[in-house]
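One structure is given here, and the rest of the page talks about it.
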2 protein chains.
Amino acid sequence: MNIRVVLADDHKMILAALRSMLEKETDIAVVGEAGDGAALLELVARTMPDVAVVDIGMPGMNGIEATQRLLVGQPRLKVIALSAYSDKRFVLEMLNAGAKGYLIKASAGDELSRAIRAIAQGQTYLCPEVAGTIVDAARDKTSLTGHTGVNLGRREREVLALLAEGKSSSEIAARMHIAASTVEVHRRNIMRKLDLHSVAELTKYAIRQGLTSP
Amino acid sequence: MNIRVVLADDHKMILAALRSMLEKETDIAVVGEAGDGAALLELVARTMPDVAVVDIGMPGMNGIEATQRLLVGQPRLKVIALSAYSDKRFVLEMLNAGAKGYLIKASAGDELSRAIRAIAQGQTYLCPEVAGTIVDAARDKTSLTGHTGVNLGRREREVLALLAEGKSSSEIAARMHIAASTVEVHRRNIMRKLDLHSVAELTKYAIRQGLTSP
DNA sequence: AAACAAATCCCCGGTACCCGGTAATTTCCG
DNA sequence: CGGAAATTACCGGGTACCGGGGATTTGTTT
């Protein structure tokens with residue numbers, strides 16, 4: 001019985017490359033590809049796969065949000081997160097969202113098929129780099145017991161996205177039809193929540209989150 | 001006669017995936033993989049391939065610098081740039097560096113093999129998105145005739161990298177053992193040269209250049 | 001030698017960011 | 001319903017960014 005897999009990434013070429021890598025495995029069948037979160041939701045509902053390999057950094061709906069929504073409708077689906085970064089926040093958020101596996105793109109190529117098989121059997125698979133961050137986080141149990149603390153509000157995400165575009169507070173205020181002072185409060189709350197202290201760090205976080213493109 | 005190809009990308013999994021995609025083509029042989037610019041130089045000198053597929057965003061030596069150095073030693077080598085972005089500056093810099101092809105990762109998967117065949121026959125291959133930016137640039141011929149205007153000095157690149165890390169001017173000054181005022185001059189010169197006007201834009205540019213990781 | 005670019009340093013002024021606190025309203029969830 | 005969170009808004013202060021100018025040294029090019 002083949003393991004039915006769908007792939008989600010915003011780069012078509014990466015999708016095609018991952019597909020041909022997985023097609024070499026006789027026990028794995030790639031039954032669909034999606035370029036963004038919305039397409040992934042539709043694809044999963046239609047094809048009912050066993051495993052979804054989801055890139056975190058996708059435009060529009062990012063991988064974390066897509067995973068949350070996905071598992072509401074398809075609780076039996078197994079999700080493997082695929083990301084360029086092993087950032088602690090992403091790992092925890094993605095696992096909290098319900099992902100059963102986490103790989104970084106710097107992992108060896110054959111780790112993906114091994115992860116798929118492990119996850120399909122109900123196991124959890126983390127690549128070594130990520131496993132390290134998990135045990136670190138387990139030390140200060142606050143970050144595992146509660147949520148990660150990084151739950152930005154809808155408006156805060158909007159502000160963050162515009163900040164990362166290079167917009168000034170007043171420009172953002174005009175765009176969002178609120179006072180500049182409010183924009184500043186949002187920014188400061190974002191910085192406090194994420195423990196970041198400069199526009200550069202905010203920008204990089206927004207890029208990792210998929211809120212804007214580099 | 002097979003086309004001998006080497007691949008360079010900082011993500012091992014992407015390398016493996018691209019390799020298995022290309023191995024389906026009977027007339028293309030992948031003879032090596034490199035994870036950064038230095039490894040690519042060594043690999044090319046050792047294997048003497050026909051074509052090098054180079055990701056622009058690599059840590060350490062980025063794809064543009066690697067391409068320049070590569071073509072000094074191996075003028076007959078054909079380089080295909082592979083990037084997540086179709087930014088005008090990168091396209092022009094990469095082509096000026098000597099690349100014969102430019103693909104974005106959002107291109108269709110089979111474009112890579114088509115591009116490799118075209119380049120191996122001495123042609124030039126640009127994906128549609130990039131071709132558009134080229135003709136746009138051709139309109140104001142200044143950007144094609146002369147250099148792209150983006151020739152940052154060594155110190156300017158150092159400042160830019162630290163700025164994109166979230167460091168303040170005084171922190172950068174301490175790190176580089178120069179006065180804070182000098183750091184500010186560098187920053188302003190960078191902004192003027194690149195026509196960017198905020199730390200967020202500088203950060204994104206630095207990321208695209210591979211000067212820092214998101 | 002002269003011309004030029006790069007890198008270094010300083011001054012000034014304006015603006016926007018960064019951080020602190022306070023507080024009202026709306027929205028969401030137990 | 002009641003509390004928590006999100007969203008809205010303002011005040012004030014310090015610092016750093018942003019843009020303009022000028023000046024010197026060094027090294028390269030012509």
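So you know, we letter chains A, B, ... as the sequences are listed, proteins then strands, and number each from 1. Computed from heavy atoms alone, side chains included, the values below leave out hydrogens, waters and symmetry copies.
- Taking side-chain N and O atoms only, B:S169 has no distance below 4.0 Å to OP1 or OP2 of D:dA16.
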Can you give me every donor-acceptor pair (side chain of residues 37-48 of chain A, partner residue at least two apart or in another chain, under 3.5 Å) with its distance?
residue	atom	partner	partner atom	Å
A:E42	OE2	A:R46	NE	2.9
A:T47	OG1	A:L43	O	2.8

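- Under a 3.5 Å cut-off, the side chain of A:K167 and the backbone N or O of A:A161 do not form any donor-acceptor pair.
- Contacts with DNA chain C (heavy atom under 4.0 Å) in residues 180-190 of chain B: B:S181, B:T182, B:V185, B:H186, listed by number.
- We find that B:K193 and B:E156 are joined by a salt bridge, their nearest charged nitrogen and carboxylate oxygen being less than 4.0 Å apart.
- A donor-acceptor pair is defined here as one N or O able to donate and one able to accept, closer than 3.5 Å; such a pair exists between the side chain of A:E201 and the backbone of A:H197.
- Note: CG (A:L202) to C1' (C:dC18) measures 11 Å, nearest angstrom.
- To the nearest angstrom, P of D:dC17 lies 14 Å from CG of B:L160.
- Note: CZ (B:R192) to P (D:dC17) measures 18 Å, nearest angstrom.
- The distance from atom CG of B:L196 to atom C1' of D:dG19 is 15 Å, rounded to the nearest whole Å.
- Between A:D10 and B:A106, the shortest heavy-atom distance links the atoms O-CB, 4.3 Å.
- Listed candidates were C:dC17, D:dT7, D:dA9. Nearest to the side chain of A:I178 is D:dA9.
- If you take CG of A:L163 and C1' of C:dA16, they are 12 Å apart, rounded to a whole angstrom.
- For the pair B:I172 CD1 and C:dC9 C1', the interatomic distance rounds to 17 Å; values are reported in whole Å.
- Close to D:dA6, at under 4.0 Å from its OP1 or OP2, lies a side-chain N or O of A:K193.
- The minimum heavy-atom distance between B:K204 and A:E165, with the atom names listed, is NZ-OE1, 3.5 Å.
- What separates CZ of B:R155 from P of C:dC9 is a distance of 9 Å, to the nearest Å.
- Between the CE atom of A:M191 and the C1' atom of C:dG20 there is a distance of 15 Å, rounded to whole Å.
- The side chain to side chain contact (heavy atoms under 4.5 Å, CB included) search around B:A179 returns B:S181, B:T182, not counting sequence neighbours.
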